[in-house]
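Below is one structure, written out as structure tokens; the observations come after it.
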Number of protein chains: 2
Amino acid sequence: MRERLLSSGDARDLAGLFQVMADPTRLRIISLLAETELCVCDIAAALEMTPSAVSHQLRVLRMTQLVKFRKEGRMAYYSLDDDHVLKLYTQSLDHLGHMPGGTIGSVRKPGGPDR
Amino acid sequence: MRERLLSSGDARDLAGLFQVMADPTRLRIISLLAETELCVCDIAAALEMTPSAVSHQLRVLRMTQLVKFRKEGRMAYYSLDDDHVLKLYTQSLDHLGHMPGGTIGSVRKPGGPDR
DNA sequence: TTAATATATGAACGTTCGTTCAGCTATTCA
DNA sequence: TGAATAGCTGAACGAACGTTCATATATTAA
């Protein structure tokens with residue numbers, strides 16, 4: 001147990017990482033890019049969203065170095081930047097799987113830990 | 001690579017988990033509880049925050065089953081609920097360590113991946 | 001019972017966030 | 001050149017979030 005109280009700065013940085021992951025659209029994009037490299041229009045089509053909305057989210061993922069991209073003609077192909085992202089993503093999926101009935105963010109069973 | 005496009009529901013649930021982790025105060029609380037069980041007032045003192053503010057955040061962590069607590073007299077002792085939380089936390093710390101200069105959420109080096 | 005302590009809770013304020021909409025740049029094809 | 005395509009960006013609106021403040025509950029001590 002080597003952990004100690006996080007400094008305010010480190011806590012802010014770490015919160016920034018989780019904040020980027022804390023959006024359904026961005027998580028679905030990551031789930032797509034976990035399989036293969038994709039262009040914006042394919043992602044937009046898969047998510048049934050406008051290319052604009054997807055592009056905004058890709059910008060966030062790009063700025064925080066969770067995804068990288070390469071340009072080929074007028075297309076931009078996106079992929080995960082490194083496998084830390086993938087690890088964090090798959091680990092969180094495991095966590096969700098261990099939650100009884102998927103209790104996070106949705107309706108919880110009565111008589112739970114609160115109240 | 002067994003991952004596929006996340007459903008809207010799963011993405012929402014997963015985003016909920018990350019959202020809970022995406023707050024500096026809650027992360028600092030987790031960093032404290034990674035060491036030992038603590039009461040609200042000790043956490044408040046360690047973070048130099050009001051017990052009220054801490055209690056609000058503990059409620060969020062409690063509702064999402066990231067921490068558990070036991071009551072002893074008028075004190076409430078909190079601890080991490082299971083080690084999935086700790087794993088996710090330590091893994092994210094690793095990720096931050098691998099970022100050049102802690103680029104997430106803070107000032108980034110010029111000429112980076114954006115723009 | 002009264003006072004003090006430890007924690008929990010509800011309302012509200014200011015801030016942050018994700019989407020939509022409109023407009024922009026860059027590239028390709030005729 | 002002009003039109004069409006792929007993607008990017010800024011403004012703005014509504015929703016969600018974290019803190020503060022005041023108050024409420026529960027436990028202990030006098």
Side-chain angles (χ1 to χ4, degrees), chain A residues 8 11-12 14-30 33 37-64 66-79 104-106 112-115, chain B residues 8 11-30 33 37-64 66-79 104-105 112-115:
Chain A
S8 295
R12 189 164 27 79
L14 203 53
L17 169 62
F18 282 115
Q19 192 116 327
V20 174
M21 305 282 288
D23 179 74
T25 299
R26 288 194 288 264
L27 284 173
R28 297 184 88 198
I29 291 175
I30 289 173
L33 297 184
E37 184 187 55
L38 286 171
C39 65
V40 179
C41 58
D42 284 342
I43 297 174
L47 303 186
E48 299 181 88
M49 294 179 64
T50 65
S52 173
V54 171
S55 184
H56 274 295
Q57 300 305 345
L58 283 171
R59 184 178 193 272
V60 175
L61 292 169
R62 215 191 317 138
M63 283 199 306
T64 51
L66 296 189
V67 307
K68 58 177 189 262
F69 75 112
R70 65 184 179 85
K71 274 218 154 168
E72 189 170 309
R74 49 186 155 182
M75 318 271 274
Y77 290 96
Y78 283 82
S79 54
I104 296 184
S106 55
D114 189 43
R115 265 218 166 274
Chain B
S8 295
R12 190 162 28 78
D13 291 350
L14 204 53
L17 168 62
F18 282 117
Q19 191 115 329
V20 174
M21 304 283 287
D23 178 74
T25 297
R26 288 194 287 266
L27 285 173
R28 297 185 87 198
I29 291 175
I30 289 173
L33 298 183
E37 183 187 56
L38 286 173
C39 65
V40 179
C41 59
D42 284 343
I43 297 173
L47 303 186
E48 299 181 88
M49 294 179 63
T50 65
S52 173
V54 170
S55 183
H56 274 294
Q57 300 305 345
L58 284 171
R59 183 178 193 274
V60 176
L61 292 169
R62 215 192 316 140
M63 285 198 306
T64 50
L66 296 188
V67 306
K68 58 177 189 262
F69 76 111
R70 63 183 180 87
K71 274 216 153 171
E72 191 173 296
R74 50 187 154 181
M75 318 272 274
Y77 290 96
Y78 283 83
S79 55
I104 295 184
D114 188 45
R115 263 222 168 271

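All of these numbers come straight from a predicted model, not from anything done at the bench. Chain A is the first sequence line, chain B the second, and so forth, proteins listed ahead of strands; every chain is numbered from 1.
Here dG18(D) presents its P atom at 14 Å from CE of Met21(B), a figure rounded to the nearest Å. For Ile29(B) and dG18(D), the CD1 to P distance is 11 Å, given to the nearest whole Å. Distance, Leu61(A) CG to dG18(C) P: 10 Å, rounded to whole Å. For Glu48(A) and dT19(C), the CD to P distance is 14 Å, given to the nearest whole Å. Per the geometry, CD belonging to Glu72(B) stands 14 Å off P belonging to dA6(C), to the nearest Å. Met75(A) places its CE atom 12 Å from the P atom of dC29(C), with the value rounded to the nearest Å. At whole-Å resolution of the value, CG in Leu58(B) and C1' in dA6(C) are 13 Å apart. A straight line from CZ of Phe18(B) to P of dC17(D) spans 16 Å, rounded to a whole angstrom.
Considering only side-chain N and O atoms, Tyr78(B) lies nowhere under 4.0 angstrom from the phosphate OP1 or OP2 of dA6(C). Regarding contacts with the backbone of dC17(D), a side-chain N or O of Gln19(B) is found under 4.0 angstrom from either OP1 or OP2. Under 4.0 angstrom from either OP1 or OP2 of dG18(C) there lies at least one side-chain N or O belonging to Arg26(A). Phosphate contact (OP1/OP2 of dT9(C), side-chain N/O of Arg59(B), threshold under 4.0 Å): present. The side chain of Thr50(A) contributes an N or O atom lying less than 4.0 Å from OP1 or OP2 of dT20(C). An OP1 or OP2 oxygen of dA6(D) is reached within less than 4.0 angstrom by no side-chain nitrogen or oxygen of Ser55(A).
Judged by closest nucleotide on DNA chain C, Ala76(B) is the one of Ala76(B) and Gly73(A) placed further toward the 5' end. Along DNA chain C, the nucleotide nearest Lys71(A) and the nucleotide nearest Asp23(A) are compared for position; the residue whose nucleotide lies closer to the 5' end is Asp23(A).
Once rounded to the nearest 0.5 Å, the distance linking CG of Leu66(B) with CE of Met21(B) reads 6.5 Å. For the atom pair CD of Glu37(B) and NZ of Lys68(B), the computed distance is 8.5 Å after rounding to the nearest 0.5 Å. Note that CD of Gln57(A) and CG of Leu47(A) are 10.0 Å apart. Values are rounded to the nearest 0.5 Å.
Ranking dC21(D), dA29(D), dA6(D) by closeness to the His56(B) side chain, first place goes to dC21(D). Among the nucleotides dT19(C), dT27(C), dA6(C), the one closest to any side-chain atom of Arg74(A) is dT27(C). Among the nucleotides dT9(C), dT19(C), dT27(D), the one closest to the side chain of Arg62(B) is dT9(C).
Counting only distance, with no hydrogens or angles, the side chain of Arg26(B) and the backbone of Leu61(B) share no donor-acceptor pair below 3.5 Å.
Minimum heavy-atom separation, Ala11(A) to Pro24(B): CB-O, 3.7 Å.
Within the 4.0 angstrom heavy-atom criterion, base atoms lie near Ser52(A).
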